[in-house]
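The residues of the chain are indexed from 1 along the displayed sequence. Whatever order the structure lists them in is the order used to number ligands and atoms, beginning at 1. In this text the structure is predicted, and so the values were computed from the model without any measurement.
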Amino acid sequence: MIEQNTPSAGHVRLIDLPVVTDPRGDLTFIEGERHVPFPIRRVYYLYNVPVDAERGGHAHRDLEQVVFALSGSFRMKIDDGKTKSEYWLRDPRKGLYINRLIWREMDSFSQGAVCMVLASHPYDENDYFREYDDFIAAVNEGVK
Ligand code: T46
């Protein structure tokens, strides 16, 4: 479970969600400000993704998100402007929390993969850094 205080910019980590298991199957639930550190203002999901597709390729100025593989798997490449890492998401009980000012790229989607994202704000194109150089400049300036 995630702590309540707001992580600093550039912060990424895996969070574990509760699971209720009985003979009928598994049930996982998510409550905003409890299991994720923000009120959930938007939910979107990616599906019918071709296995050779690449998504992402941007960062956000303010947005916080938690990304899940509800079904199948995919890779998330993470870059905080100084350090690069990668996460394979394949367990619907684990979400990847991504704070603002993180460059992310997604690829290697398995056939039929479904990616669900919980977001802290409604969609706003002005919140995106779509050029890597702009992202790096923002990181270096500590821009909010
Ligand atoms: C992220 C990864 C995981 C909307 O109209 N509303 C929305 O809520 C979203 C997310 C997108 N759009 C429009 C904007 C573009 O015209 O859908 C189109 C594709 O969006 P984008 O290129 O941002 O999609 P992805 O899959 O590359 O990235 C998205 C999120 O933008 C991003 O924050 O982390 O999914």
### side chain to side chain donor-acceptor pair (under 3.5 Å) partners of residues 108-128, not counting sequence neighbours, each pair once
H60-D127, Y123-E125, E125-R130

### Query
Quick one: does E64's side chain get under 4.5 Å of I98's, heavy atoms only?
no

### Task
Classify the contact between R130 and ligand 1 as side chain, backbone, both or neither, using a heavy-atom distance cut-off of under 4.0 Å.
side chain

### Message
Is there a path of hydrophobic side-chain contacts, each under 4.5 Å between heavy atoms, that joins L63 and I30?
### Response
no

### Task
Kindly indicate whether atom 18 (C) of ligand 1 is approached by any protein heavy atom to under 4.0 angstrom.
no

### Message
Quick test: of every protein heavy atom, which one is nearest to atom 31 (O) of ligand 1, and how far off is it to 0.1 Å?
### Response
Y128 OH, 2.5 Å

### Query
For atom 26 (O) of ligand 1, what's the nearest protein heavy atom and its distance?
R55 NE, 2.6 Å

## Note on the structure
Distance col, row R55:CZ vs F74:CZ, nearest 0.5 angstrom, shows 11.0 Å

## Note on the structure
Quick note on ligand 1: atoms under 4.0 Å from a heavy atom of M106 include exactly 2 (C), 3 (C)

### Query
Does any N/O atom on G56 come nearer than 3.5 Å to any N/O atom on ligand 1?
yes

#### Entry: atom 8 (O) of ligand 1 [closest protein heavy-atom partner, distance rounded to 0.1 Å]
R42 NH1, 2.4 Å

### Query
Atom CD1 in I136, atom CZ in F129: separation rounded to 0.5 Å?
10.5 Å

### Query
Which atoms form the tightest heavy-atom contact between F135 and A59, and what is the distance?
CD1-CB, 3.6 Å

### Under 3.5 Å: N/O of Q65 near N/O of ligand 1
yes

### Message
Per the side chain to side chain donor-acceptor pair (under 3.5 Å) rule, what does the pair list look like for residues 67-78, sequence neighbours excluded?
### Response
R75-E86, R75-D107

### Query
Once the angle between the rings of H11 and Y97 is folded into 0 to 90°, is it parallel (under 30°), tilted (30 to 60°) or perpendicular (over 60°)?
tilted

### Summary
R104 heavy atoms within 4.0 Å reach ligand 1 at atoms 1 (C), 33 (O), 34 (O)

#### Entry: Test item: protein heavy atom less than 4.0 Å from atom 35 (O) of ligand 1
yes

### Query
Between Y132 and L101, is there a shared hydrophobic cluster once you connect ILVMFWY residues whose side-chain heavy atoms come closer than 4.5 Å?
yes

### Message
What I want to know is whether Y123 and ligand 1 share at least one N or O pair that is separated by under 3.5 angstrom.
### Response
no

### Message
One residue to check: H60. Relative to ligand 1, which of side chain, backbone, both or neither has a non-hydrogen atom less than 4.0 Å away?
### Response
side chain

### Query
For atom 28 (O) of ligand 1, which protein heavy atom lies nearest, and how many Å away is it?
H58 CE1, 3.2 Å

#### Entry: Heavy-atom nearest neighbour in the protein, as seen from atom 1 (C) of ligand 1, with distance rounded to 0.1 Å
Y44 OH, 3.2 Å

